[in-house]
Amino acid sequence: MASRVQHSLQFQRTTFASFFFSSSSSSSFPKSINKTQINLRSKWCSSSASRRSRAALYCSSSSSSSSSSSSTDLNSAAVTTKDDQFVLTTPLYYVNAPPHMGSAYSTIAADAIARYQRLIGKKVIFITGTDEHGEKIATAAAACGSTPSDHCDTISQSYRALWKDLDISYDKFIRTTDPKHEAIVEEFYSKVLANGDIYQADYEGLYCVNCEEYKDEKELLENNCCPMHLKPCVSRKEDNYFFALSKYQKKLEDILENNPDFVQPLYRLNEVQNWIKTGLKDFSISRASVDWGIRVPNDPKQTIYVWFDALLGYISALSQDQEQPSLQTAISSGWPASLHLIGKDILRFHAVYWPAMLMSAGLSLPNTVFGHGFLTKDGMKMGKSLGNTLEPNELVHRFGPDAVRYFFLREVEFGNDGDYSEERFINIVNAHLANTIGNLLNRTLGLLKKNCQSTLVADSSDAAEGTEFKNTVEKLVEKSKVQYASLQLSSACESVMEIGNAGNLYIDARAPWSLFKEGGASFNSAAKDLVLILEAMRIIAVALSPVTPNLCLKIYRQLGYTDEHFHVATWSDTKWGGLKAGQVMAPPNPIFTRIETVTEAEGGPIVPAMEKKVSKKKDKSPQSQSTIGA
C-alpha cells in the first residue's frame with residue numbers, strides 16, 4: 001500500500017463501568033413527542049393520562065435501586081476481565097441476500113485475530129451469526145416466493161457454508177430467530193424499560209428501508225436518497241417506542257474522552273465524537289408496521305426494531321449452551337466482549353447506540369469497537385448492474401481459501417478502504433505464497449532429499465551458531481507479534497514474509513548445491529544451511545497460521561510433523577530451536593500451486609488456466625461491498 005496508517009491498539013484488562021441513572025434524571029425528547037407516565041407495576045404499559053390525545057409513554061420505576069447508583073468515575077467502577085479470555089465478534093450479517101465479499105472480509109480478519117489470540121494462550125470465544133428480523137427480510141422472502149423463516153434458514157446456511165470454505169474457526173454462531181436469543185432480548189428490554197429509558201410516541205419522518213432507520217433530511221442526498229444505498233427514503237408516520245439516547249450524551253462523551261481505545265482506528269473515534277457533538281436524538285426501537293420480528297413485551301402489536309434486537313446477539317450467543325437462558329448467565333459466560341469488529345457503515349450503531357443501551361441495562365461495555373473500511377474492485381464501487389461484483393464463493397472455489405485470506409489481509413491496510421484487482425491478486429499470491437514460501441521450502445527439501453536422505457544433520461540451534469540469520473528471524477517474529485496484537489494485520493503478514501525473503505537471500509548467497517559438490521567440510525556446512533532454512537519455514541508455519549492456516553498445515557506436514565503437532569502449536573513454537581538432528585522430512589511436494597493465467601481475448605480479463613469464466617447476472621445499484629448487520 002502506498003501509505004500505511006500506524007495505530008496501536010492495546011486491549012485493556014479492564015472494561016468500562018456499568019453506568020446507572022436515577023429515575024429522576026432528565027431526558028431530552030423531541031419536541032414533537034408528547035410524554036405520559038407509565039405504571040411499571042403491571043407487565044403491560046398503560047397510560048394514566050387519558051386526557052392527552054396521543055400520549056407518549058415515559059417509563060419510570062418505583063424500584064430504583066440500580067438506577068440510583070449513578071457513577072461518573074470510569075476508573076473506580078471498572079471491572080477486571082479474566083486475563084486468559086478474549087471474546088471477539090463479527091457483525092451479525094443481515095440475511096436479505098447471500099454473503100458478499102464485504103462480509104467475508106470482516107470474518108476473515110476476525111478469524112485471523114482469533115487464531116492469533118489462541119496461539120498466545122487466550123481462551124477465545126469467537127462469535128459470528130446472522131441478523132434475521134425486519135422488514136427487508138420479509139420483503140426479500142416474499143420476492144423469492146418463500147416464507148421469512150425458510151428464507152432465513154437458507155441464507156443463514158449459506159453463511160455457514162462459506163465460513164467452512166474459508167476455514168473460519170468460529171466458536172458461536174447465533175441466529176436472531178433462535179428462541180434463546182428472543183428470551184435475552186425480552187429480558188434486556190425489560191431492564192431498559194424499568195430504568196425509565198423507553199417511552200411511546202408518534203413519529204413522522206423519512207425512512208430508509210435498506211438501513212431500517214429514520215434519517216435526518218440534512219444527511220440525505222438529492223431527492224431524499226440515502227447516501228449509503230442511493231435509494232429514496234419514504235415518508236412514514238407510526239406509533240413507536242423510543243429509547244432515550246439523548247439522556248446518555250454526556251456519558252458517551254466522557255467514555256470517548258477518557259477511553260480513546262474504545263473506538264479504533266483513531267479516525268473512526270473522531271467520526272463518532274463528531275456525531276455525538278452534533279447532539280444525540282432518541283431513536284425508535286419498535287415498528288408497528290413490521291410483523292417479522294420479536295414482539296415488544298409490553299405491546300405485542302409491535303415488534304422490536306432490528307438494531308435493538310440484533311445487537312443483543314453478541315450476548316445471547318454466550319447463552320447457547322444453557323437450557324434456561326438468562327441475561328445474567330449469558331453475561332457470566334464471557335461478557336464483556338474484548339473486540340467488536342465491524343464495517344464502518346454500522347459504526348454509529350455499535351459506538352453510540354449500543355453503549356447507551358448497555359449502560360441503561362446496567363451492563364459493562366465492550367473493550368473496543370474497531371471499524372474497518374469498504375472494498376472496491378479495480379478502483380470502482382461494486383454493483384451487479386456494472387457486472388463487477390466480487391463473489392466470495394467464486395473466489396474461494398477458483399483460488400482456494402489461503403489465497404483469498406492472504407490477499408485481503410496483506411493488501412488491505414486494516415481499517416482503511418481496500419481495492420481488489422484480479423491481476424494484482426494473482427501477482428501477489430504467486431509472488432508471496434508460491435514463490436517466496438512455497439518455492440523456498442520445495443527446493444530446500446529437494447536438496448535435503450538428494451544429499452541427506454531427507455534427514456536433518458544437526459539441531460537447528462547448533463546449526464545457527466555463528467550466523468546472523470537466526471537473529472534476523474527472531475527480530476521479524478517479535479515484530480509480527482506486536483503487529484498482530486495491535487491489529488496491524490497487513491504489517492504482520494509483511495514481517496512474516498520477510499522471513500521467507502531472508503531465507504531466499506541466505507540460500508542464494510550460500511549456494512548449498514555447490515557446497516554439496518565440494519564434499520568434506522563444505523558438504524557439512526551445506527547440510528546445516530538446509531537445517532537453518534527449514535527451521536525458518538517451521539517458524540513461518542506458526543507465525544503465518546492465523547492468516548493461511550491450511551497452507552501452514554501443509555508446511556508442517558512437509559517438515560515431518562503430524563496434523564496434531566500443528567493444531568497444538570502455540571506462539572512459543574516460534575522460538576528458534578524446534579528442529580532436531582535426525583528428524584526426517586517428507587518428500588518435497590508443492591504446498592501452493594502457482595496460478596497460471598491465460599487471456600481469453602485481446603483486452604479480455606485474466607482468468608486462471610483451466611478455469612471457465614463465470615457469467616455475471618445483471619441486477620442493480622452500484623455500491624462498495626460493506627458490512628451490513630448487527
Side-chain angles (χ1 to χ4, degrees), residues 119 433 436-481 495-513 515-516 521-546 548-592:
L119 281 177
L433 303 186
T436 299
I437 292 180
N439 187 50
L440 177 61
L441 176 62
N442 204 53
R443 64 176 174 155
T444 304
L445 288 174
L447 285 169
L448 189 72
K449 180 182 179 182
K450 179 179 180 180
N451 297 282
C452 305
Q453 292 75 52
S454 297
T455 304
L456 303 184
V457 300
D459 291 354
S460 54
S461 55
D462 294 335
E465 289 183 3
T467 71
E468 184 61 28
F469 182 68
K470 171 176 174 287
N471 293 334
T472 298
V473 172
E474 289 177 333
K475 289 177 182 177
L476 288 168
V477 167
E478 184 58 31
K479 186 178 180 181
S480 71
K481 182 179 181 181
S495 294
V496 177
M497 202 55 57
E498 280 300 311
I499 299 175
N501 290 332
N504 279 294
L505 289 173
Y506 182 86
I507 199 171
D508 288 344
R510 294 286 298 167
W513 46 87
L515 295 176
F516 277 125
S522 294
F523 187 99
N524 290 334
S525 179
K528 288 182 179 180
D529 287 337
L530 301 187
V531 174
L532 291 182
I533 298 302
L534 293 174
E535 175 68 2
M537 292 304 307
R538 185 192 65 79
I539 291 171
I540 287 173
V542 178
L544 197 61
S545 64
T548 57
N550 191 51
L551 177 74
C552 293
L553 172 60
K554 291 179 181 178
I555 296 175
Y556 246 55
R557 289 171 177 166
Q558 287 281 278
L559 297 177
Y561 292 108
T562 65
D563 289 9
E564 180 63 21
H565 283 125
F566 177 76
H567 293 309
V568 300
T570 67
W571 192 265
S572 64
D573 290 303
T574 60
K575 183 178 179 181
W576 188 277
L579 294 181
K580 305 298 181 183
Q583 280 186 242
V584 179
M585 305 291 102
N589 187 34
I591 59 169
F592 188 89

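The figures here come from the full heavy-atom set of this structure, side chains too, leaving out hydrogens, waters and symmetry mates. Remember, it's a predicted structure, so these values are computed and weren't measured experimentally.
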Correct closest heavy-atom pair for Ser572 and Thr570 would be OG-OG1, 2.6 Å
At what distance, to the nearest 0.5 angstrom, does OG1 of Thr574 lie from CG of Leu119? 9.0 Å
Between Tyr556 and Ala569, the two heavy atoms sitting closest are OH-CB, 4.1 Å
Among all residues two or more places apart in sequence or in another chain, which pass the ring-ring contact (aromatic ring centres under 6.0 Å, His included) test with His567? none
Using a 6.0 Å cut-off, check whether atom NZ of Lys554 has over 12 heavy atoms from anything other than its own residue. yes
Residues forming a side chain to side chain donor-acceptor pair (under 3.5 Å) with Tyr506, sequence neighbours excluded: Asp529
Is any NZ, NE, NH1 or NH2 atom of the basic residue among Lys475 and Glu478 found under 4.0 Å from an Asp or Glu carboxylate oxygen of the other? no
Working to the nearest 0.5 Å, report the span between SG of Cys452 and CZ of Phe523. 4.5 Å
Tell me, which pairs form a salt bridge (Lys or Arg N to Asp or Glu O under 4.0 Å) where one or both residues lie in residues 444-471, sequence neighbours left out? Lys470-Glu474
Looking only at heavy atoms, what is the nearest atom pair of Cys552 and Ser545, with distance? SG-N, 3.5 Å
Any side-chain heavy atom of Leu441 sitting closer than 4.5 Å to one from Leu559? yes
Work out which heavy atom in Val457 is nearest to a heavy atom in Ala527; give both atom names and the distance. CG2-CB, 3.5 Å
Answer whether the closest heavy-atom distance between the side chains of Asp573 and Ile539 falls below 4.5 Å. no
More than 12 heavy atoms of other groups within 6.0 Å of Lys580 NZ: yes
